[in-house]
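Worksheet: the structure to be examined is printed underneath.
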Amino acid sequence: MKLHIYLFRHGETNFNRSERFTGHVNSRLTPKGIEQANLIAEQLKDKKFQVAFKTSLSRSSSSLKIVLKYHPECKKVIVDDRLIERSYGDLERKHHQTIIKKYGKKQFDLWHRSYDVPPPGGESIKTVEKRVLSFIEDLLKLMKREKVNVAISAHNNSMRPFRRHFENLTIKQMMALENPYDKYFDYTIEC
């Protein structure tokens, strides 16, 4: 028996559009973000899943709500913050350009794209990966026990280690990923 994980990124937010560090801050979907979530919903319309996951952030919830309009068979929605976006700590709410001007492009890139160097007061991708792997372990047990397909409304930086795990990527390949707002990923589990 084959089971499916449908993984997607929330739609574009106001902070994404204005190039601000969002992290654990709530930022609403832009009209374009709503359109992107509707594109995901259309792509997933003919798929079936019984359980959906989201984080406590509004952008994850709003995107999933749009997708769920086609899925009356989904009877359980679970909030799991092991999938929450990476915390950018002291950088949250700040514009990328402000950080570049203050600290330089090299330091910005290190905080923004390093695997194991966290921004001040924030999380490294390595830390995010630990919690995402813990989620995956529990997810696979749930899927096999309950024989369910799942949909996951995630965030760019929680998707990176998720994709690394299922696509057998190196750290370098994972860090180069830019997850699209308007495409989902389908992973198959043998049960």
Side-chain angles (χ1 to χ4, degrees), residues 6-44 52-69 77-132 135 151-164 174-185:
Y6 302 112
L7 175 72
F8 59 91
R9 183 180 181 183
H10 63 77
E12 178 194 68
T13 68
N14 289 310
F15 274 29
N16 296 140
R17 185 180 58 204
S18 61
E19 295 188 333
R20 292 171 76 177
F21 286 102
T22 316
H24 292 179
V25 175
N26 273 317
S27 181
R28 289 190 160 178
L29 297 181
T30 62
K32 184 177 181 181
I34 293 168
E35 191 178 299
Q36 290 161 336
N38 275 302
L39 279 169
I40 296 286
E42 285 291 327
Q43 292 170 36
L44 289 174
F53 288 88
K54 65 180 183 175
T55 71
S56 58
L57 295 172
S58 62
R59 57 195 183 268
S60 172
S61 297
S62 298
S63 297
L64 181 60
K65 185 177 179 182
I66 291 168
V67 168
L68 287 177
K69 68 185 174 189
V77 176
I78 300 168
V79 176
D80 195 320
D81 279 342
R82 288 178 291 177
L83 294 170
I84 204 164
E85 180 56 278
R86 166 190 190 186
S87 168
Y88 281 103
D90 300 345
L91 304 185
E92 286 182 4
R93 293 186 165 87
K94 294 185 170 76
H95 288 88
H96 293 180
Q97 285 305 316
T98 303
I99 300 304
I100 292 169
K101 283 179 189 163
K102 187 171 181 178
Y103 298 101
K105 179 81 165 82
K106 189 175 178 182
Q107 186 62 58
F108 168 85
D109 288 341
L110 188 65
W111 286 335
H112 194 223
R113 288 291 179 249
S114 169
Y115 174 69
D116 54 3
V117 177
E123 293 179 291
S124 68
I125 296 294
K126 185 177 183 178
T127 302
V128 173
E129 186 170 43
K130 283 181 187 162
R131 61 176 160 80
V132 170
F135 169 81
I152 302 172
S153 179
H155 303 268
N156 192 33
N157 284 304
S158 60
M159 286 178 68
R160 289 173 197 265
F162 202 101
R163 290 185 59 195
R164 178 178 183 216
M174 172 183 71
M175 294 309 296
L177 293 174
E178 278 304 326
N179 293 298
Y181 295 107
D182 58 357
K183 179 182 172 199
Y184 72 91
F185 298 87

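All of these numbers come straight from a predicted model, not from anything done at the bench.
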Of the non-hydrogen atoms in A52 and L68, which two are nearest, and what is the gap between them?
-> CB-CD2, 4.4 Å
Are F15 and R93 close enough that some pair of their side-chain heavy atoms sits under 4.5 Å apart?
-> yes
Do R163 and N179 get their side chains close enough for a donor-acceptor pair, meaning under 3.5 Å?
-> yes
Given the side-chain rings of F53 and F135, with only the six-membered ring counted for Trp, is the space between their centroids under 6.0 Å?
-> yes
For the atom pair CG (L44) and CG (L39), what is the distance rounded to the nearest 0.5 Å?
-> 11.0 Å
Taking it one step at a time, do F185 and M159 satisfy side chain to side chain contact (heavy atoms under 4.5 Å, CB included)?
-> CA-CA 10 Å; F185 298 87; M159 286 178 68; 3.6 Å; yes
Below 4.5 Å, heavy atoms only, C-beta onward: do Q36 and L29 meet side chain to side chain?
-> no
Would you say the side chain of I40 lies within less than 4.5 Å of the side chain of Y181, judging by non-hydrogen atoms?
-> no
Heavy-atom closest pair, residues V79 and S56 | CG1-N, 3.7 Å
How many angstroms lie between CD in E35 and OG1 in T30, if you round to the nearest 0.5 Å?
-> 8.5 Å
Do T55 and E85 have side chains that get closer than 4.5 Å, going by heavy atoms?
-> no
Exercise: identify the closest heavy-atom pair between L91 and P119 = CD1-CB, 3.6 Å
Mind running side chain to side chain contact (heavy atoms under 4.5 Å, CB included) on Y88 and K94 for me, showing each step along the way?
-> CA-CA 10 Å; Y88 281 103; K94 294 185 170 76; over 6 Å; no
Between R131 and D81, which heavy-atom pair has the shortest distance, and what is it?
-> NH1-O, 3.8 Å
Under 4.0 Å between a Lys/Arg side-chain N and an Asp/Glu carboxylate O for E178 and R113?
-> yes
Any side-chain heavy atom of R86 sitting closer than 4.5 Å to one from R160?
-> no
Taking the side chain as every heavy atom from C-beta outward, state whether V77 and K65 have any pair of such atoms under 4.5 Å apart.
-> no
Given side chain to side chain contact (heavy atoms under 4.5 Å, CB included), test V132 with R164 step by step and report yes or no.
-> CA-CA 11 Å; V132 170; R164 178 178 183 216; over 6 Å; no
Taking NZ, NE, NH1 and NH2 as the nitrogens, is one of them in R28 or E12 under 4.0 Å from a carboxylate oxygen of the other?
-> no
Out of curiosity, T22 OG1 to H10 NE2, how far, rounded to the nearest 0.5 Å?
-> 7.0 Å
Return yes when atom CZ of R17 has more than 12 non-hydrogen atoms of other residues, nucleotides or ligands closer than 6.0 Å, and no otherwise.
-> yes
Point-to-point distance, once rounded to the nearest 0.5 Å, from NZ of K130 to NZ of K126 = 5.5 Å
Close side-chain approach of S27 to N16, heavy-atom, < 4.5 Å | no
Could you label the plane-to-plane angle of the Y184 and Y6 rings as parallel, tilted or perpendicular, counting under 30° as parallel and over 60° as perpendicular?
-> perpendicular
Taking E123 for its side chain and S87 for its backbone only, find out whether a donor-acceptor pair lies under 3.5 Å.
-> yes
Under the side-chain hydrogen bond (donor to acceptor under 3.5 Å, both in side chains) test, residues paired with R82 that sit two or more places apart = D80, S134, D138
Might you point out which heavy atoms bring R59 and S63 nearest each other, and give the distance in Å?
-> O-OG, 2.9 Å
Going by distance alone, is a donor N or O of one side chain under 3.5 Å from an acceptor N or O of the other, for T127 and S124?
-> yes
With side chains defined as the heavy atoms from C-beta onward, is the minimum distance between H155 and V128 less than 4.5 Å?
-> no
Output for pair (R9 CZ, D182 CG), nearest 0.5 Å, gives 10.5 Å
Rounding to 0.5 Å, atoms CG (N157) and CE (M175) come to a distance of 7.0 Å
Could you give the side-chain donor-acceptor pairs of residues 97-107 under 3.5 Å, partners two or more places apart or in another chain?
from: K105; atom 1: NZ; to: D109; atom 2: OD1; distance (Å): 2.7
from: K105; atom 1: NZ; to: D109; atom 2: OD2; distance (Å): 3.0

